[in-house]
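Here is how names work: the chains are called A, B, and so on, in the same order as the sequence lines, proteins then strands, and each is numbered from 1.
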There are 2 protein chains.
Amino acid sequence: MPKRADLSDTLCPVGRSAELLGDRAVLLILRELLFGRRRFELIAANTGLGPQLVSARLKMLVAEGVAERRAYSERPLRHDYWLTDKGKALFDVLYAMRNWSERWAYEPGETGDGPAIRYVHRTCGADVGTAKICPRCGAELGYGDLKGEPSPALKAEQVSRTG
Amino acid sequence: MPKRADLSDTLCPVGRSAELLGDRAVLLILRELLFGRRRFELIAANTGLGPQLVSARLKMLVAEGVAERRAYSERPLRHDYWLTDKGKALFDVLYAMRNWSERWAYEPGETGDGPAIRYVHRTCGADVGTAKICPRCGAELGYGDLKGEPSPALKAEQVSRTG
DNA sequence: GATAGTAACTATGATAATCATAGTGACAAG
DNA sequence: CTTGTCACTATGATTATCATAGTTACTATC
């Protein structure tokens, strides 16, 4: 490829975020970080991305202020990656993607019985389905408000990736 | 590049949609289609993408059932592209991207005074800001419910692209 | 104290996606 | 019959991505 066209100077808000989010590797890494998987090797294993690509994208996310690199051990020196507030706010985007997929991206019965991931509202316990606001208590649903439970089939897939 | 890793068989809903949406060109084309710009040349001009890429992505969107190719003129034969219901449902994702950008992706004052795009709820007239549900009437906000008004600066940018 | 293990990366070469630019086909208008 | 429009396709250079292997720095085990 040639150098990718630069949209970072467009004023369009979709164009701006597309510069960051219009990249499979970035989306997959964000998924891992949002699920609380912070370690390099775990991210690489779960996403199936090569270490070089993971490394490059994590550097980019740090440079963009979306993630933060922290030492979690001094001896031996080890680092992991945490989302900043700017990064946590991307939950809404990935949640919208998840909702779209649950509705449109599976063949009937492909995920077993229910959704691929069941989300429960932490504060009231309701299964939110694919709603944007909690169907029981009406609260908005953002980062940290939901507890995700993968279906047995998805859980099996995740285990097979991490070994 | 090598063949891009295929995620279309993953059960993870984010992974599945990432296969489609983790691509700058796709996001930009969807933006155009959601804004009602259906003609090939207009899409190419507004996105800044080359015709080959636009052509390839539109074919893919049609193959995925996200868009539809229709003849809008018989003589001369001319085609344009319309979103299907599956495509219209992606509004939620792009709207979440827009909301994130409005909050996190601009320097202070960069868009002038207000947001880069002001959204008004069609049925009640409220300026929704960056809310997920209408702050006045409480309705959920989906495809077709909002009227977007670009800021003067963004409008100028759009005009400069299309000539 | 030499070997094996762990975690976070970096290096290398092959492959293919992207870009810039130019060109095509079918028709309409002047 | 030349120019213009619109939806594309063709070509070659560039470069991002993948697969695989290697590196660094330390710990744990034999």
Give a yes-or-no answer on whether the side chains of B:R38 and B:Y81 include a donor-acceptor pair shorter than 3.5 Å. no
Check the distance between D:dT14's C1' and B:L53's CG and give it to me in whole angstrom. 15 Å
Return the value, rounded to whole Å, for the distance between atom CZ of A:R57 and atom P of D:dC18. 8 Å
When rounded to whole Å, the CD to P distance for the pair A:E74 and D:dT27 reads 12 Å
Does anything in residues 97-107 of chain A pair up under salt bridge (Lys or Arg N to Asp or Glu O under 4.0 Å), and if so which pairs, sequence neighbours excluded? A:R98-A:E102
Could you tell me how far apart B:L49 (CG) and D:dT9 (P) are, to the nearest whole angstrom? 16 Å
Spacing between B:D23 atom CG and D:dT17 atom P, to the nearest angstrom: 11 Å
Before you tell me yes or no, could you show the steps for A:R39 and A:E32 under salt bridge (charged side-chain N to carboxylate O under 4.0 Å, His left out), namely the whole-Å CA-CA distance, both residues' side-chain angles and the distance that decides it to 0.1 Å? CA-CA 9 Å; A:R39 289 196 5 257; A:E32 297 304 310; over 6 Å; no
Can you sort out the partners of B:P135 under side chain to side chain contact (heavy atoms under 4.5 Å, CB included), two or more places apart, ordered by chain and number? B:V128, B:A131
Nearest whole angstrom, please: distance from the C1' of C:dT18 to the CZ of A:R24. 15 Å
Could you walk me through whether B:R24 and A:D23 pass the salt bridge (charged side-chain N to carboxylate O under 4.0 Å, His left out) test, one step at a time? CA-CA 7 Å; B:R24 267 175 47 260; A:D23 181 295; over 6 Å; no
Rounded to whole Å, please give me the gap between CH2 in B:W82 and P in D:dA7. 13 Å
Output field: ring centroids B:Y143/B:Y95 closer than 6.0 Å: no
Base-contact (B) and sugar-phosphate-only (S) positions in nucleotides 8-13 of chain C, heavy-atom cut-off under 4.0 Å, - elsewhere: BBBBB-
